[in-house]
Novice: 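Have a look at this one before I ask anything.
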Amino acid sequence: MLTMSSETPSTGGLTPAQQTAFWRDGYVIIPDALPPTTVRALLDETHALLDNFPLSDHPMTRFSTGEKSAHVGDDYFLTSGDKVRFFFEEDAFDPSTGNLTKPKAQAINKIGHALHEKSPPFAALLDPALNPDLLGAGTSSGSVAAGRKESHPAAVARALGFKDPRCLQSMVICKQPEIGGAVPPHQDSTFLYTDPPSAVGFWYALEDATAENGCLSFLPGSHRWAPVRQRFVRSATGNGTEFIDNAGPRFPLGEDYGEIVGQSEEGEYKLGEVKAGSLVLIHGNLLHKSEKNLSRKGRIIYTFHVIEGEGTKYDERNWLQPSPEGFTQLYRD
Ligand SMILES: O=C(O)CCC(=O)C(=O)O
């Protein structure tokens, strides 16, 4: 369960300093979490997917965060939870003709939402047996103790206190040169709600992310006082998606969390410029965002989200629904 911990025992996966930073700031940047060989393999897979998906039967669904047009919510999106699907940048189309202005591989905003299951290189990241580069990380005999910096996601989840971590979605976000869309301030638990909130984002840079090409930025500490006020759910009419007021708990369990009346959500965001191979862990209540990419450099990242399966409720209103097999289990304590 994602309960704030003031103690920072050395559990592997995360150093005590990384744990302290995560609980204090709501995020932590871990440089060199992926070795260059893994970064290369994931980028190669991303480019192969982008080059090879067929346009002939694609509904041309655009990924919209709701700033310019309604939030994405068509059938192609709603049934993508157990598939590898491709969502276009809003600005990849000529407004007068509706035609793509870029080759398809440079027009995709994101690929989702089951790379962690359906794509062998991405699936290997979660499976120690398939990923010897990360094997043993976070254990007393593993990479952290041995001075290597890579950490296995399961060891990281354990360090954060998860009992039954479930990976429920994964995405490559491309932030394409010149047209990569902005992501407005949000909390991941709005989109991946559990009662009580428990989501944590694992965000891996596969290319350097800078202020120029739209790196993440964060409102440090906001996870402790910013309530999850809204939920992104399947629309009550059965058509599309909508935001509704969150009638359930707005914070994870723990006395360190609580709304501070008058606290501004417009505070100063801190830039998170990172090198390829870095992992950024993001608390589900943390306000974070990224700007548009107007530069000529792309910014490909891979992210997946984990929720707690023990002692939480995941309900049928959430936009993302599990397949009959359930969400992918990292381990069970
Ligand atoms: O990669 C980005 O630009 C935004 C990602 C993000 O905010 C998220 O995954 O929650």
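Atoms within a ligand are numbered from 1 in the order they appear, just like the ligands themselves. Computed from a predicted model, the values in this text were never measured in an experiment.
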Novice: Asp333: which residues meet the side chain to side chain donor-acceptor pair (under 3.5 Å) condition with it, sequence neighbours left out?
Specialist: Arg158
Novice: N or O contacts of ligand 1 with protein under 3.5 Å, please list pair by pair.
Specialist:
from	atom 1	to	atom 2	distance (Å)
ligand 1	1 (O)	Trp203	NE1	2.9
ligand 1	1 (O)	Arg299	NH2	2.8
ligand 1	3 (O)	Ser290	OG	2.6
ligand 1	3 (O)	Arg299	NH1	3.0
ligand 1	3 (O)	Arg299	NH2	3.2
ligand 1	7 (O)	His186	NE2	3.1
ligand 1	7 (O)	His288	NE2	3.2
ligand 1	10 (O)	His186	NE2	3.1
ligand 1	10 (O)	Asp188	OD1	2.7
ligand 1	10 (O)	Asp188	OD2	3.3
ligand 1	10 (O)	His288	NE2	3.0

Novice: What about the rings of Phe251 and His223, do their centers lie closer together than 6.0 Å?
Specialist: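 No, too far apart.
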Novice: Please identify each residue that fulfils ring-ring contact (aromatic ring centres under 6.0 Å, His included) with Tyr314, with sequence neighbours left out.
Specialist: Phe327
Novice: Check whether the side chains of Gln176 and Asn109 place a donor and an acceptor atom closer than 3.5 Å, and report yes or no.
Specialist: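 On atom types as modelled, these side chains do not qualify, holding no pair under 3.5 Å.
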Novice: Determine the sole option in Phe88, Phe87, Phe86, Phe63 for which the ring pair (Phe, Tyr, Trp, His ring centres under 6.0 Å) test with Tyr76 is passed.
Specialist: Phe87
Novice: Enumerate the salt bridge (charged side-chain N to carboxylate O under 4.0 Å, His left out) contacts for residues 205-214, please, sequence neighbours excluded, ordered by first and then second residue.
Specialist: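 The answer is Asp208-Lys275.
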